[in-house]
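The next block holds one structure in the form of structure tokens; read it before the comments.
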Amino acid sequence: MTAPTHRAAPSTGDGAASSLSGLRTLIRLVLRRDRIRLPAWIAGHGLLVVYIGAALPQLAPQEEDLGNLTVMLAQPVGRMFTGPAFGLDAPTYERFFAAGYMPYLFLLSALMNIFLITRHTRGEEQSGRAELIRANVTGRHTALTAALAVALLANAVVAPVVAVLAVAVGYAVPGSLLAGLATSLTGMVFAGVAAVTSQLSEFSRAASGMAGAVLGVAFLLRALGDMVAVGGSALSWVSPLGWAAQTAPYVHDRWAPLVLSAALALAAVALAFELQRRRDFSASFVATRPGRAHAHPWLGTPTGLAARLQCGGLLGWGTAILLLGIIDGAFTQAMIDAGDGMPDELSAIFGTEALVQGYTAFLGSFVIIFAAAYAVYAMQTLRAEEGSGRADAVLATPVSRVVWSASHVLVIAVGILLLATVTGLGTGLATALVTGDGDLLGEVLLAHLAVAPAALCVLGLCTALFGWLPRLMAALGWVAVAVLGVVELFAALLDLPDWLRSLSPLHHLAAVPVEEFALTPFLVVTAVAVAAVVIGLLGLRRRQLNVT
């Protein structure tokens, strides 16, 4: 067994020069491999700015009308969900953007950097590709340096993209520059965090999970700190997400908090290099725990193995979605308080003039969008098992391809239903507590379960793609999730055409309790999901395995 930590042998050669040999070539390789991913992430930042800049004037044709919307953001629950609510006593479009939507730019940037670093460091070691590269003329720190250099380059592009597009929609130049820089520096902070966690674990998913946990804690600390008072509290300054929010673009335009972000990013990067210097290649600082001497008999079945492999992802996604649902449920009373003065355009998002019922239906659809995202994530486990060769070991036993893949699909489908049920209960309980209306518990739960087939449809699509076009499964799966989100959140606001709305399975399901539950479309959408799964299983029987 490999020890959890090893001190590396003393390096020879020309010091820093030899430890970074081949850096330029490896940077080009990273850029070549991420030639689609990175532009997509960066474009996502820009699209968020452009969309909000275009949507706010439709929600509130006059800036004075924003006062009706700021009630939601200025209350404690609203500040928990968005930020410290600077400048909402005299709201403008740019201040509303900074208060309500900039925190999601920070989260988007953090996720981009976490996935980038872990994929090109620990992920490469885990797959064995890094060993082949190290056998060439490359230095000990070349891979980590190349990944961080590409992260720095990506964040250097994000900053002007956010700033220029914010100026283009009419926002002030100083605040826009500050927003862009805060977004990029927050990304570099979590690039450093991911570089550290990549030294701690032997597995890329675990490294990403630990970095994601740090991001979750940072969000929680910022949220709790901002709930205390408008403008935040001392607890807000404990979180790097809080530092970015405390810059207060378009209100105070503070540049000083970004010094903390830059310092933490540099410290995390330095720690990552020191940890890498102290460990052997492919080793880690967190020991892999040995399994039980005797496995449960169920683990010897395809379904049991699939459940074991999918357990971690379900717990991680389930916890995050449940917390999101509880926060949304606790937001109900703020929606009611703002309801009398809410613009018609925002009410259209909830689909009814009865605000509580419309918001309840919205909560169910909103959670199912994230459940569909979980389905895409979970299906990638099959690609990982196939690509790593572990699926070959399973298929060498009396287990057919159909049984192997169907076991994973079944476990993921059960996970989707569990997510809908548990989150519906948690969200309904939060809604009932803040409103004092116990009947809402059942309504919110039914609202979640009534649209669960939409997530099953995305699972079916991924299964069909895995069977016939495995290389496109992840990309088209995320496109399907994006279609769900765009149609559900923005169809009424942007007056999207009917053909586009019909692409979303959510569009065909009853929005309970606004609409009465309809069994026929529920069964039809479920049948479509099952048919897609069957098509995928048939394709898997015919195609060659280990297609990259």
Side-chain angles (χ1 to χ4, degrees), residues 45 48-49 52-53 56 63 66 70 73-76 78-110 113 152 155-193 215 217-268:
H45 291 76
L48 180 59
V49 176
I52 299 304
L56 284 180
E63 287 191 334
L66 288 171
T70 57
L73 302 185
Q75 292 203 13
R79 296 197 302 272
M80 176 183 181
F81 203 47
T82 55
F86 285 110
L88 294 186
D89 52 341
T92 62
Y93 292 140
E94 57 193 13
R95 290 182 176 184
F96 195 87
F97 162 74
Y101 298 97
M102 266 188 51
Y104 296 97
L105 282 175
F106 304 151
L107 291 174
L108 188 64
S109 181
N113 284 273
L152 180 62
N155 287 294
V157 175
V158 164
V161 166
V162 171
V164 169
L165 292 177
V167 172
V169 297
Y171 298 163
V173 174
S176 299
L177 293 174
L178 184 57
L181 186 59
T183 302
S184 63
L185 281 178
T186 302
M188 283 308 303
V189 167
F190 286 95
V193 170
L215 177 60
V217 171
F219 182 87
L220 180 62
L221 292 174
R222 196 277 312 152
L224 295 176
D226 290 344
M227 285 184 69
V228 175
V230 173
S233 63
L235 188 58
S236 304
W237 288 88
V238 180
S239 166
L241 295 178
W243 302 338
Q246 288 297 321
T247 57
Y250 312 113
V251 182
H252 302 301
D253 288 339
R254 301 169 178 162
W255 296 84
L258 296 184
V259 175
L260 297 174
S261 298
L264 180 57
L266 290 173

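Computation of the quantities below employed the complete heavy-atom set of this structure, encompassing side-chain atoms and omitting hydrogens, waters and symmetry-equivalent molecules.
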Would you give the length of the straight line joining atom [atom1] of [X] to atom [atom2] of [Y], rounded to the nearest 0.5 angstrom?
X      : Y      : atom1 : atom2 : answer
Leu56  : Phe97  : CG    : CZ    : 9.0 Å
Leu215 : Leu220 : CG    : CG    : 11.5 Å
Leu266 : Met188 : CG    : CE    : 8.0 Å
Tyr101 : Ile52  : OH    : CD1   : 4.5 Å
Leu178 : Leu185 : CG    : CG    : 10.0 Å

Nearest non-hydrogen partners of [X] and [Y], listed with the distance:
X      : Y      : value
Ser261 : Pro240 : OG-O, 4.5 Å
Ala98  : Pro103 : O-CD, 3.7 Å
Ser236 : Arg222 : OG-O, 4.1 Å

- Test log, rule side chain to side chain contact (heavy atoms under 4.5 Å, CB included), inputs Val189 and Phe106: CA-CA 11 Å; Val189 167; Phe106 304 151; over 6 Å; no
- side-chain contact (heavy atoms from CB on, under 4.5 Å) filter on Val217, not counting sequence neighbours, yields Leu221
Where the side chain of [X] meets the backbone of [Y], is there a donor-acceptor pair that is under 3.5 Å apart?
X      : Y      : value
Gln246 : Leu241 : no
Thr186 : Ala182 : yes
Arg79  : Asp226 : yes
Ser184 : Leu181 : yes
Trp243 : Trp237 : yes

N/O donor-acceptor pairs under 3.5 Å from side chains in residues 155-165, not counting sequence neighbours:
{"unit_1": "Asn155", "atom_1": "OD1", "unit_2": "Asn113", "atom_2": "ND2", "d": "3.2"}
{"unit_1": "Asn155", "atom_1": "ND2", "unit_2": "Asn113", "atom_2": "OD1", "d": "2.7"}
{"unit_1": "Asn155", "atom_1": "ND2", "unit_2": "Ala151", "atom_2": "O", "d": "2.7"}

Please list, one pair per line, the donor and acceptor atoms closer than 3.5 Å that link side chains of residues 84-94 to other protein atoms, with sequence neighbours excluded.
{"unit_1": "Thr92", "atom_1": "OG1", "unit_2": "Arg95", "atom_2": "N", "d": "3.2"}
{"unit_1": "Tyr93", "atom_1": "OH", "unit_2": "Ala60", "atom_2": "O", "d": "2.6"}
{"unit_1": "Tyr93", "atom_1": "OH", "unit_2": "Pro61", "atom_2": "O", "d": "3.1"}
{"unit_1": "Glu94", "atom_1": "OE1", "unit_2": "Ala172", "atom_2": "N", "d": "2.9"}

- Regarding Tyr250 and Ser176, is there a side-chain donor-to-acceptor distance under 3.5 Å anywhere? yes
